[in-house]
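Below: one structure, written as structure tokens.
Positions are given from 1, in the same order as the sequence printed here. A quick note: this is a predicted structure, and the numbers were derived from the prediction, not measured. No hydrogens, no waters, no symmetry mates; every other heavy atom, side chains included, goes into these values.
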Amino acid sequence: MQFAQINDIALHYQTIGGPAGKPVIVFANSLGTDFRIWRDVIVRLAGDFPVVTYDKRGQGLSDIGAAPVNIETHVDDLIKLLNHLAVKDAIICGLSVGGLIAQGLYERRPDLVRALILCDTAHRIGTPDIWNGRITAIESNGIDSIADAILERWFTPAFRSQQALALAGYRNMLIRQPVAGYTALCAAIRDADYTLAAGRITVPTICIVGDQDGSTPPDLVLSMAKLIPGARYEVIKGSGHIPCVEQPEILTEILRAFIDTLPSGEKPHD
């Protein structure tokens with residue numbers, strides 16, 4: 001396991017080497033998960049691209065850190081991690097809140113970003129009432145009290161009925177997240193709004209969504225894609241909110257096809 005002192009926390013991350021001439025792909029995961037959700041995509045890319053993935057503060061094996069925390073805190077953590085690893089001009093692949101962080105990273109440090117892969121995310125996710133209600137429910141009764149409702153948005157009915165063992169494992173991943181870390185991340189999502197920033201994105205971008213995503217539905221993801229100049233939009237059939245778990249082969253094919261369209265060499269910066 002790999003850890004780095006990033007700002008006020010010990011941050012858990014993983015690097016996998018790849019060809020020197022290939023861009024680094026950085027994976028940022030969703031709320032209530034850790035970086036293991038990317039496994040079935042990463043194993044299909046290993047050896048062809050260098051990879052970085054990590055547990056955000058308050059999730060997985062990373063520290064929670066001091067309150068208050070907002071989305072810019074998470075953006076700053078990723079900036080410091082990439083600097084620590086001497087990574088720049090990377091392809092940033094963010095799922096859900098990871099996609100918000102990816103947008104924030106581009107807004108703050110475009111020199112670090114060659115392209116954006118925004119999975120099951122949006123320029124703004126949910127409403128204050130939704131997030132405040134979730135925070136209250138969890139603080140009162142724990143993550144377990146809303147876990148089944150979350151899993152219904154994460155995964156399709158087919159996955160939930162046919163993959164009972166995997167579903168139980170992902171439920172464990174969810175409910176074992178620290179409450180303080182989970183609610184802090186809920187608040188960060190609640191307050192994040194990249195609606196105006198989306199129009200300033202000039203790197204190649206693809207917006208991807210599962211056709212049965214109950215958290216960031218296709219119409220919402222499409223609305224983000226329309227804000228980003230030249231963005232591509234792809235829908236994955238037979239997937240909920242976490243296509244890297246439910247349809248990793250299709251997601252990997254989409255990622256490879258998108259990366260193949262990118263210009264070679266480092267992009268120019270102003």
Side-chain angles (χ1 to χ4, degrees), residues 11-14 25-42 52-62 69 71 73-75 77-78 92-105 116-126 130-131 134-135 138 143 146-156 159-160 166-167 169-179 181-192 194 206-218 220-221 224 236 239-248 251-252 255:
L11 188 139
H12 180 223
Y13 70 95
Q14 183 178 44
I25 306 176
V26 179
F27 291 95
N29 57 291
S30 56
L31 172 67
T33 67
D34 58 47
F35 70 56
R36 287 175 294 183
I37 65 169
W38 295 107
R39 177 191 177 276
D40 288 343
V41 171
I42 289 173
V52 174
T53 189
Y54 71 107
D55 290 337
K56 290 181 290 300
R57 64 170 61 218
Q59 296 194 300
L61 300 185
S62 293
V69 172
I71 205 71
T73 310
H74 291 280
V75 170
D77 287 344
L78 181 53
I92 312 297
C93 180
L95 174 67
S96 195
V97 66
L100 290 171
I101 294 168
Q103 293 171 71
L105 176 68
L116 290 170
I117 299 170
L118 303 177
C119 293
D120 298 83
T121 187
H123 48 290
R124 182 167 177 78
I125 300 175
I130 288 172
W131 291 112
R134 184 180 294 197
I135 290 168
I138 290 171
I143 298 174
I146 63 168
D148 292 339
I150 291 172
L151 292 169
E152 288 179 2
R153 292 189 285 271
W154 280 10
F155 301 118
T156 62
F159 182 91
R160 298 197 308 273
L167 185 68
Y170 286 105
R171 192 181 196 281
N172 287 339
M173 178 183 288
L174 171 62
I175 66 175
R176 291 175 185 174
Q177 301 295 324
V179 167
Y182 188 97
T183 55
L185 194 49
C186 287
I189 298 169
R190 177 195 65 199
D191 298 336
Y194 288 106
I206 186 168
C207 305
I208 304 167
V209 63
D211 66 341
Q212 299 173 59
D213 186 334
S215 296
T216 53
L220 177 61
V221 179
M224 173 183 63
I236 297 179
S239 181
H241 188 56
I242 311 184
C244 49
V245 169
E246 202 159 2
Q247 297 290 350
L251 178 58
T252 305
L255 300 192

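Judged by distance alone, the side chain of R153 and the main-chain N or O of D213 form no donor-acceptor pair under 3.5 Å. D120 contributes a side-chain N or O that, together with a main-chain N or O of G210, makes up a donor-acceptor pair within less than 3.5 Å. In terms of modelled atom types and a separation under 3.5 Å, the side chain of Q14 and the main chain of V52 share no donor-acceptor contact. Proximity of a side-chain donor or acceptor of S96 to a complementary backbone N or O of L31 within less than 3.5 Å is not detected. Within the 3.5 Å criterion, the main-chain N or O of T156 finds a donor-acceptor partner in the side chain of E246. For the pair D34 (side chain) and Q59 (backbone), a donor-acceptor distance under 3.5 Å is absent.
Considering only heavy atoms from C-beta on, P217 comes within 4.5 Å of L220 through its side chain. Put simply, the side chain of C244 reaches to within 4.5 Å of the side chain of L95, judged on heavy atoms. The shortest distance between side-chain heavy atoms of D191 and W131 does not fall below 4.5 Å. Inter-residue side-chain proximity for I125 and V97 is flagged as unmet; no heavy-atom pair is nearer than 4.5 Å. Two residues are said to be in side-chain contact when any heavy atoms from C-beta on lie closer than 4.5 Å; K56 and I101 meet this criterion. Contact check for Y194 versus I71: side-chain heavy atoms found under the 4.5 Å cut-off. Between M224 and T121 there is a side-chain heavy-atom pair separated by less than 4.5 Å. When side chains are defined from C-beta on, W154 does not count as touching V245, because their heavy atoms never get closer than 4.5 Å.
The number of heavy-atom neighbours closer than 6.0 Å to CZ of R171, taken from other residues, nucleotides and ligands shown, is above 12.
Summarising the geometry, atom CD1 belonging to I242 is positioned 12.0 Å from atom CG belonging to L251; distances are rounded to the nearest 0.5 Å. The line from CG of N29 to CG of D55 is 6.0 Å long, rounded to the nearest 0.5 Å. To the nearest 0.5 angstrom, F159 atom CZ is 6.5 Å from L167 atom CG. Atom OG1 of T53 is separated from atom CD1 of I37 by 8.0 Å, given to the nearest 0.5 angstrom. Atoms CG and CD1, on L255 and I208 in that order, are 5.5 Å from each other to the nearest 0.5 Å. Once rounded to the nearest 0.5 Å, the distance linking CD1 of I175 with CD1 of I143 reads 8.5 Å.
Taking both residues in full, the closest heavy atoms of H12 and S62 are given as N-OG, 2.8 Å, listed atom of the first, atom of the second, then distance. The nearest pair of heavy atoms linking L11 to Y54 is CD2-CB, 3.9 Å. Residue C186 comes nearest to I135 through the heavy atom pair CB-CG1, 3.7 Å, listed as atom of the first residue, atom of the second, then distance. Counting all heavy atoms, side chain and backbone alike, G58 lies closest to Q177 at O-OE1, 4.2 Å. Closest heavy-atom contact between I236 and P243: CD1-CB, 3.9 Å. Between W38 and C93 the shortest heavy-atom distance is CH2-SG, 3.8 Å.
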Determine whether R134 and I150 satisfy the following criterion, side-chain contact (heavy atoms from CB on, under 4.5 Å), listing intermediate values before the conclusion. CA-CA 11 Å; R134 184 180 294 197; I150 291 172; 4.0 Å; yes
